[in-house]
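Below, all heavy atoms of this structure are taken into account, side chains as well, without hydrogens, waters or symmetry copies. Numbering of ligands and ligand atoms starts at 1, following listing order.
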Amino acid sequence: MTEKTTETQVVIAGAGPTGLMLACELRLAGVDVQVLEREAEPRTAESRAGGLHIRTLEILDQRGLLDRFLAHGRPRSGVHYAGLPLDLTDAPTRHPYLLFIMQSEVERLLAERAAETGAAIRRGTELQGFSQDETGVTAALADGSHVCAQYLVGCDGGRSTVRRLAGIGFPGTRATMTAMLGDVRLAEPPGRDIFQERRERGSFSVLPFGPDWYRVITNEFDHVADRDEPVTLEALAAVLRKIAGTDFGMHSPRWLSRHGDAARQAERYRDGRVLLAGDAAHIHFPAGGQGLNTGVQDAANLGWKLAAVVRRQAPDALLDTYQTERHPVAARVLQNTRAQTALWRVDEHTTALRETMTDLIEIDAVRRRLAGEITATDLRYPMGGTDDLLGRRMPDLDLDDGRLYELLHQARSILLDLIGLQALDTVAAGWGGRVDLIRVRPAEAASLGADAVLIRPDGHVAWLARTGAAPDLDALRTSLTTWLGPSDRIEQQAITVAHRTIR
Ligand SMILES: Cc1cc2nc3c(=O)[nH]c(=O)nc-3n(C[C@H](O)[C@H](O)[C@H](O)COP(=O)(O)OP(=O)(O)OC[C@H]3O[C@@H](n4cnc5c(N)ncnc54)[C@H](O)[C@@H]3O)c2cc1C
């Protein structure tokens, strides 16, 4: 046992996708981070999540990371809502697809990036306790050592120790069914991909999951498994035979797992200097593949805010906007996964409801609405204004020497000037070290319908001046103060970072 104490600015419990993404975001802003991970080795055998959705792809693009992920994944032109296909090809994005990529690969790439940025990832290190006061938080580790930091973020999964020790409730609904899952080889594979075939005794899927590998999933609606029930190949094969009448000769599993449809959400995402993100803050059935995506998006929302507070640029109250913005998002994910699980049931009433949903999804507006929810492209954070672009993600405009998202690689705020508004110089100068004033030619501005836009580091629109309307500079100052903290000097001459032209 060692009594060693180390210091850092932010300590993160859990090196899953959420903790790793948060570490990358904090390091971009120059914040010292230690990531504590209980497991000694990465979870290479656990494929778990199989897809990155549009908003996650855009966030990776905004940080210049997307190419690494594209190189290890395969795009698919649609997603599913309770097994009903939702085409994405007309989605309003540069990336209208689901990127099929294993979670283990996502974690490997994020860990690689975190290490490049200088984050300390401490594997084989379990957080067992913590204490906090108004000056900081001290994490107690299993080996008897401690880490002192300004903030602790629990990214430690659905059974979060941090959440439990913080006394944060996790209300929600209990499991009503059991899903079993295996990545297996099949001696007698079906002649076609089977996506959620519904039969009298339950539903099942058989999908290719890598060369010669299949992912087999069974959903039993008349059984809620006990936690102690073993997860074995024999058990999965037996359930599949019960539902499908065959086990397709499954053998050689590389991963077996079981989960229910319990859906729970932390009642608050913050307790003083302790925050929660990812599965530690919300769990649900993996319908529509939203868990990992929501966690990575939590991290993208929290990272720059926490960095601004740690660097004493913004007041601690900025962290409360993390809960205001992200809690409703996960609440909606829980709602749609409950709806999807209900639609998978195999009784006659559900069959009638599915047929109605199948008809409704034929209507483009309905399909787009559901796709927008699953892919998180329809998010609009509350920003206090009525303009529809306010709070939404900024589209990735083409620039004469690149794209708008490239300007977000360093996770800094951008004040985009599309028509040469000189008044912006003096306003921006007040936050000179924290916002980049970037001028572009207005050729494409008409399609955006704005003369100027304030874009937060996470790519969301925080203020805008509509084309032709007088820019509300007081509202701009208020927005800059809200998101970046108080102005650091009297308005002087602005630093204009770049002149660009929209194609
Ligand atoms: C079968 C299945 C399929 C899924 N498919 C999808 C999908 O297609 N798309 C999608 O978006 N999501 C999917 N998910 C959900 C996704 O896997 C999770 O939402 C995601 O892993 C959450 O990431 P996280 O980083 O928040 O938590 P986790 O991945 O659970 O990571 C938590 C980490 O914290 C560590 N830890 C725990 N306690 C401690 C401690 N005390 N000290 C230190 N370390 C600790 C753990 O070892 C772990 O590494 C699926 C899940 C399952 C089960």
Side-chain angles (χ1 to χ4, degrees), residues 11-23 34-44 46-57 73 76 79-80 98-107 110-111 114 121-130 139-143 147 152-165 178-183 205 207 209 215-219 231 255-263 266 276-299 302 330 333-334 337 374-376:
V11 60
I12 297 172
T18 308
L20 291 168
M21 183 69 187
L22 183 61
Q34 277 192 32
V35 186
L36 314 176
E37 170 51 52
R38 182 174 55 196
E39 302 300 325
E41 299 297 330
R43 307 178 282 194
T44 44
E46 294 188 20
S47 41
R48 296 222 271 178
L52 295 181
H53 286 307
I54 293 171
R55 186 58 192 142
T56 309
L57 298 173
R76 289 188 176 164
V79 292
H80 287 93
L98 168 88
L99 187 70
F100 176 74
I101 179 170
M102 303 268 195
Q103 177 161 344
S104 49
E105 203 57 23
V106 171
E107 291 180 12
L110 286 176
I121 301 174
R122 299 178 57 187
R123 293 202 166 274
T125 307
E126 182 178 357
L127 176 142
Q128 287 192 334
F130 69 81
L141 312 188
D143 66 1
V147 183
L152 162 67
V153 189
C155 301
D156 50 346
R159 294 183 188 162
S160 169
T161 304
V162 174
R163 187 186 65 230
R164 180 172 50 77
L165 294 174
T178 300
M180 281 190 79
L181 175 156
D183 288 348
S205 308
L207 297 163
F209 223 68
R215 174 165 283 189
V216 174
I217 304 172
T218 58
N219 293 316
V231 185
W255 185 51
L256 294 165
S257 164
R258 183 182 56 220
H259 54 268
D261 62 337
L276 299 175
D279 275 18
H282 38 74
I283 57 156
H284 50 80
F285 195 71
Q290 301 168 86
L292 180 156
N293 285 274
T294 309
V296 168
Q297 290 164 31
D298 285 348
L302 176 60
V333 172
L334 260 63
T337 56
I374 300 278
T375 60

Nearest non-hydrogen contact to atom 46 (C) of ligand 1 from the set Glu39, Gln103, Glu37 belongs to Glu37
Rounded to the nearest 0.5 angstrom, the OG-CG distance for Ser205 and Asn219 is 7.0 Å
Nearest non-hydrogen protein atom to atom 13 (C) of ligand 1, with distance, is Ala49 CB, 3.3 Å
Short version for Gln128: what comes under 4.0 Å of ligand 1, heavy atoms counted, is neither
Side chain or backbone, does Arg215 bring an N or O within less than 3.5 Å of an N or O on ligand 1? no
- Message: Are the side chains of Asp261 and Thr337 in contact, using a 4.5 Å heavy-atom criterion?
- Response: no
If you scan protein heavy atoms around atom 18 (C) of ligand 1, the nearest is Asp279 OD2, 3.4 Å
Numbered in order shown, the ligand 1 atoms found under 4.0 Å of a heavy atom of Gly157 are 27 (O), 30 (O), 32 (C)
Atom 24 (P) of ligand 1 sits nearest the protein heavy atom Thr18 OG1, 3.3 Å
_Gln290 side chain reached by Ile374 side chain, heavy atoms, under 4.5 Å_ = yes
The option among Gly278, Pro42, Gly16 carrying the non-hydrogen atom nearest to atom 31 (O) of ligand 1 is Gly16
Is there a donor-acceptor contact under 3.5 Å from the side chain of Arg159 to the main chain of Arg164? no
of all protein heavy atoms, closest to atom 8 (O) of ligand 1 is Gly50 N, 3.1 Å
of all protein heavy atoms, closest to atom 39 (C) of ligand 1 is Asp156 CB, 3.8 Å
Here the gap from Leu276 atom CG to Leu152 atom CG, rounded to the nearest 0.5 Å, amounts to 8.5 Å
Filtering Met21, Arg258, Arg38 for the heavy atom nearest atom 38 (N) of ligand 1 leaves Arg38
Ligand 1 N/O within reach of Leu292 N/O, cut-off under 3.5 Å:
yes
So do Leu22 and Asp298 actually touch side chain to side chain, heavy atoms under 4.5 Å? no
Salt bridge (Lys or Arg N to Asp or Glu O under 4.0 Å) filter on Glu126, not counting sequence neighbours, yields none
Can you tell if the side chain of Thr294 reaches within under 4.5 Å of the side chain of His282, non-hydrogen atoms only? yes
- [ ] State, with a plain yes or no, whether a side-chain heavy atom of Leu127 is found less than 4.5 Å away from one of Val162.
- [x] yes
Heavy-atom nearest pair, Leu256 first then Gly182, reads CD2-CA, 3.8 Å
Atoms of ligand 1 under 4.0 Å from any heavy atom of Thr161, numbered from 1 in the order shown, are 41 (N)
**Prompt:** Would you say Gly289 has any N or O atom under 3.5 Å from an N or O of ligand 1, going by distance alone?
**Reply:** yes
Report yes or no: does a heavy atom of Gly51 sit under 4.0 Å from some atom of ligand 1? yes
For atom 23 (O) of ligand 1, the closest protein heavy atom turns out to be Pro17 CD, 3.6 Å
A student checking ligand 1 against Leu181 at a 4.0 Å heavy-atom cut-off should list atoms 1 (C)
So the atoms of ligand 1 within less than 4.0 Å of a heavy atom of Thr125 turn out to be 43 (C)
Any side-chain to backbone donor/acceptor pair from Asn293 onto Gly51? Under 3.5 Å, distance only. yes
Taking only non-hydrogen atoms of Gln290 and a 4.0 Å limit, the atoms of ligand 1 in range are 9 (N), 10 (C), 11 (O)
>> Please confirm whether Leu52 approaches ligand 1 to less than 4.0 Å, judged on its heavy atoms.
In response: no
among protein heavy atoms, the one nearest atom 41 (N) of ligand 1 is Leu127 O, 3.0 Å
TODO: Side-chain contact test, heavy atoms from C-beta onward, threshold under 4.5 Å: evaluate it for Pro42 versus Glu37 and give yes or no.
DONE: no
Closest heavy-atom approach to atom 32 (C) of ligand 1 among Gly14, Cys155, Gly295 is made by Cys155
Q) Are the side chains of Gln34 and Thr125 in touch, meaning some heavy atoms are under 4.5 Å apart? A) no
Among non-hydrogen protein atoms, atom 51 (C) of ligand 1 lies closest to Pro286 CB, 4.1 Å
Contact region, Thr294 to ligand 1, non-hydrogen atoms below 4.0 Å, reads neither
Inset, instruction - Return yes or no for this condition: an N or O of Ala280 is under 3.5 Å from an N or O of ligand 1. - result: no
For the residue pair Ile121 and Leu20, establish whether any side-chain heavy-atom pair is separated by less than 4.5 Å.
yes
**Study point:** Arg123 CZ: over 12 foreign heavy atoms closer than 6.0 Å
**Key:** yes
